[in-house]
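Here's the structure, in structure tokens; my notes come after.
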Amino acid sequence: MRSPAAKTSLGLLADPEVEKLSASLERESVALMRADVALDGVRFDVGLASYLLASERRGHELEQVAAAELDVSLLSRESLSNPRRGVHLPLDELAPEQVSAYAGSHAGAVFALHDTLAPRLAEGPLAELYRDMELPLARVLVEMELLGVRIDLPRFERMSEEVRGELSELVERAHELAGGSFNVGSPRQLETILFDQMQLPVLKKTKTSRSTSHDVLTDLLLHPEVPEPARQLIEVVLEHRSLAKLEGTYLSALPKLVDAGTGRLRTRYNQAVAATGRLSSSDPNLQNIPIRSELGRRVRAAFVPEPGWKMLAADYSQVELRVLAHLSHDAALVDAYTRGADVHAQTATALFGVDEADVSREQRGAAKTVNFAVIYGQSEFALSRNLRIPRREARRYIQTFFERYEGVARFMDEVVEQARTRGYAETLFGRRRVIPDLRTKNRNLRAAAERVARNTPIQGTAADILKRAMVTVANELKGQGLSARMLLTVHDELVFEFPPEEQQALEALVEAAMAGAAELSVPLAVNLGVGESWGEAH
DNA sequence: GGACTCACG
DNA sequence: ACGTACGTGAGTCCC
């Protein structure tokens, strides 16, 4: 790509006096910039407007918004030519009448949608979110998408080969243990072997089959009556699944997606998908790169900076619990974060009646699970499953939690009640999510809706905070004239690459932007890490 | 294309 | 009696 100064502009779009309307700034910007055309002066984005006004709706593409808001179906790109399924003729190979009908209906829809959506975003918190958060963020995301991230291809290749070798050994062992050949990657075939051939107990069913999920398999290992050959087979299958997942999803897949020209891997950040306000990543999804397993961490270590540069990873410490502290005004939680205490350990002292200094690793781990269970509104049943403890024990944990954190208990009730009254849940910054099922007579649906009502303000506020930080960081990078670049965003984390001499400035800038992204009643703590790769920066 | 499974926060 | 954690995206199997 040429330098920004050399970029062409579309005359129409360059005139600052003209109101520019866009179906999707992010999508169109990326497409145009790849053609070396800068899109500028956008005043309205249909996709973002629709998302803010109806985040619970799935699909904010122009066609979908037109259907929902105007009740019209636009001409689809496919309907124009469709010589073969999935093949689009370029516009310049189509009849002009076809192109004008297609382009005209879409352009007309953008104007019509502007007229119906813009007034609803004229004032209030949604208007502010639109103007100060989502629209500026779209620009930032475009830049991140165009830039991509460098990966160490030879390293991926070596790991992939290594893992393929281990996989074929596991397949061989699985076949021996099962007494015959089968596809280890097929849940259906595994089902037959475990539950018909080996007669193992069925612990859980899915809609159509007997489940062989990770949970079921590890549960079976805990059952003393499961015979030794079956145990070995289960262990081999679990290992195979874990490696096959990493091999198929990352090790062999990502190198194929690297841009030959730049040697970098690009993703898409979807700004109008998640109902809570979070971003999502796709094609490929870089928000689920492994970290929990050993091999997983090695995958992250193959995400590398420009030669001679370094990487910075910055993540919020327990941002959702801090948001919960702020929203609930819970005295114990606010106090703990103000003191800089270890909240998981504090919960453990309540649950297990020990002094904070005597909390064991296991107790802290269990307390952490309980803390998160509360954020998600988990039932005692689910908690008992997760911690593999009796239900009454799980009930005691949840009860004890709410006795220790009374303000959280009150908040959870109020937030559901408010959502039921208003019809929507809302974040600290006023982002809304309509939740229709709060009034349904179906108990399961209603319970699920209540969990959504409790979780959305927490998860959504955390998402708002990171988005604010991203906009500030991008502005500051530009303002301070740094060459450092923001590469990735993973819900509570930002990843950068930078030349070594900028380390101090970058760390200060990122820390300040992230910690200062919201004024909560507790501090927002940020962990920074620097290294030769994303993995090392953690 | 649905179902299942599993990777992340 | 039932079902049971929030939010995502993607690979594979199999109809």
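Keep in mind that the numbers below use all heavy atoms, side chains included, and drop hydrogens, waters and symmetry copies. What you see is a predicted model; the values in this text were computed from it and never measured. Residue numbers start from 1 in every chain, and the chains themselves are labelled A, B, ... in the order their sequence lines are given, proteins ahead of strands.
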> So what does A:Ala274 touch, heavy atoms closer than 4.0 Å: a base, only the sugar-phosphate, or nothing?
Replying inline: sugar-phosphate

>> Heavy atoms within less than 4.0 Å of DNA chain C: which residues of residues 452-465 of chain A have one? Give them sorted by number.
In response: A:Val452, A:Asn455, A:Gln459

>> By the 4.0 Å heavy-atom rule, please label A:Gly185 as base, sugar-phosphate, or nothing.
In response: sugar-phosphate

>> For C:dC6 and A:Arg451 - does any side-chain N or O of the residue sit under 4.0 Å from the phosphate oxygens OP1/OP2?
In response: yes

> Which part of the nucleic acid, if any, lies within contact of A:Asp315, taking any heavy atom under 4.0 Å across all strands shown: a base, the sugar-phosphate backbone alone, or nothing?
Replying inline: nothing

> A:Arg278 near the nucleic acid: base, sugar-phosphate alone, or nothing, with a heavy-atom cut-off under 4.0 Å?
Replying inline: base

>> Applying a 4.0 Å non-hydrogen cut-off, can you work out what A:Ala244 is touching in the nucleic acid: base, sugar-phosphate, or nothing?
In response: nothing

> Distance between the P atoms of B:dT5 and C:dT4, in whole angstroms?
Replying inline: 14 Å

> B:dC8 phosphate, OP1 or OP2: any side-chain N/O from A:Arg292 under 4.0 angstrom?
Replying inline: yes

> If you find the nucleotide of DNA chain C closest to A:Gln189 and the one closest to A:Asn288, which residue's nucleotide is nearer the 5' end?
Replying inline: A:Asn288

>> Can you identify which nucleotide, out of B:dT5, C:dA10, B:dG9, has its nearest atom closest to the A:Asn285 side chain?
In response: C:dA10

> Hey, which of these two, A:Arg391 or A:Arg433, hits DNA chain C nearer its 5' end, going by closest nucleotide?
Replying inline: A:Arg391

>> Whether A:Arg210 engages the ring of A:Phe195 as a cation-pi pair (distance to the six-membered ring centre under 6.0 angstrom, angle to the ring normal within 45°) should be assessed.
In response: no

>> Can you list, in residue-number order, the parts of residues 438-448 of chain A that come under 4.0 Å of DNA chain C, counting heavy atoms only?
In response: A:Arg443, A:Asn444

>> For a 4.5 angstrom cut-off between non-hydrogen side-chain atoms, does A:Leu147 reach A:Glu143?
In response: no

> What does B:dT5 pair with, Watson-Crick or G-U, if both distances are under 3.5 Å?
Replying inline: C:dA10

>> Regarding A:Ile289, tell me which of base, sugar-phosphate or nothing describes its non-hydrogen contacts under 4.0 Å with the strands shown.
In response: sugar-phosphate

> Would you call A:Arg173-A:Glu235 a salt bridge at under 4.0 Å N-O?
Replying inline: no

> C:dC6 P sits how many Å from A:Leu324 CG, rounded?
Replying inline: 17 Å

> Taking atom P of C:dC6 as reference, at what distance in whole Å does atom CZ of A:Arg431 sit?
Replying inline: 20 Å

>> Whether the A:Gln318 and A:Tyr337 side chains hold a donor-acceptor pair (N or O, under 3.5 Å, no angle test) is what I'd like checked.
In response: yes

> So does A:Ser379 get a side-chain nitrogen or oxygen closer than 4.0 Å to the phosphate oxygens (OP1/OP2) of C:dG3?
Replying inline: no

> Thinking salt bridges, do A:Arg268 and A:Asp283 make one under a 4.0 Å N-O criterion?
Replying inline: yes

> Hey, is the side chain of A:Ser282 poking within less than 4.0 Å of OP1 or OP2 on C:dT8, counting only N and O atoms?
Replying inline: no

>> In this structure, how many angstroms lie between the P atom of C:dT4 and the NZ atom of A:Lys205, rounded?
In response: 15 Å

>> Can you identify which nucleotide, out of B:dC8, C:dC14, C:dT8, has its nearest atom closest to the A:Ser280 side chain?
In response: C:dT8

>> Distance check needed: C:dT12 C1' versus A:Lys245 NZ, whole Å only.
In response: 9 Å

> Which nucleotide in the list B:dA7, C:dG9, B:dC4 gets nearest to the side chain of A:Pro187?
Replying inline: B:dC4

>> Under a 4.0 Å threshold between the charged nitrogen and the carboxylate oxygen, would A:Lys204 count as salt-bridged to A:Asp215?
In response: no

>> Taking the minimum atom-to-atom distance to the side chain of A:Thr249, which one of C:dG11, B:dG9, B:dT5 wins?
In response: C:dG11

>> Can you measure A:Tyr376 atom OH to B:dG9 atom P for me and round it to whole angstrom units?
In response: 10 Å

> Salt-bridged, A:Arg431 to A:Glu134, with N to O below 4.0 Å?
Replying inline: yes

>> Expressed as a whole number of angstroms, how long is the span from A:Leu286:CG to C:dA10:C1'?
In response: 12 Å

> For the pair made of OH in A:Tyr51 and P in C:dG7, what is the distance, rounded to whole Å?
Replying inline: 12 Å

> Are A:Thr212 and B:dT5 close enough that a side-chain N or O sits under 4.0 Å from OP1 or OP2?
Replying inline: yes

> Do the rings of A:Tyr397 and A:Phe352 sit parallel, tilted or perpendicular, given the 30° and 60° boundaries?
Replying inline: perpendicular

>> For A:Glu380 and A:Arg391: C-alpha separation, side-chain torsions, deciding distance, then whether salt bridge (charged side-chain N to carboxylate O under 4.0 Å, His left out) applies.
In response: CA-CA 6 Å; A:Glu380 66 189 48; A:Arg391 274 183 72 154; 3.5 Å; yes

> Which class fits the ring pair A:Phe156 and A:Phe303: parallel under 30°, tilted 30 to 60°, perpendicular over 60°?
Replying inline: perpendicular

> When the P atoms of C:dG3 and B:dC4 are considered, how many whole Å apart are they?
Replying inline: 14 Å

> Where do A:Arg410 and A:Asp330 land on the salt bridge (charged side-chain N to carboxylate O under 4.0 Å, His left out) test, with the steps shown first?
Replying inline: CA-CA 9 Å; A:Arg410 207 175 318 121; A:Asp330 180 89; over 6 Å; no

> Going by modelled atom types, is there a donor-acceptor pair between the base of C:dT12 and the side chain of A:Arg241 at under 3.5 Å?
Replying inline: no

>> Taking A:Arg420 first and then A:Glu417, would you say they form a salt bridge - that is, a charged N and a carboxylate O separated by under 4.0 Å?
In response: yes

> Starting at CD1 of A:Ile435 and ending at P of C:dG7, how long is that distance when rounded to a whole Å?
Replying inline: 9 Å

>> Any side-chain N or O of A:Ser209 below 4.0 angstrom from OP1/OP2 of B:dC4?
In response: yes

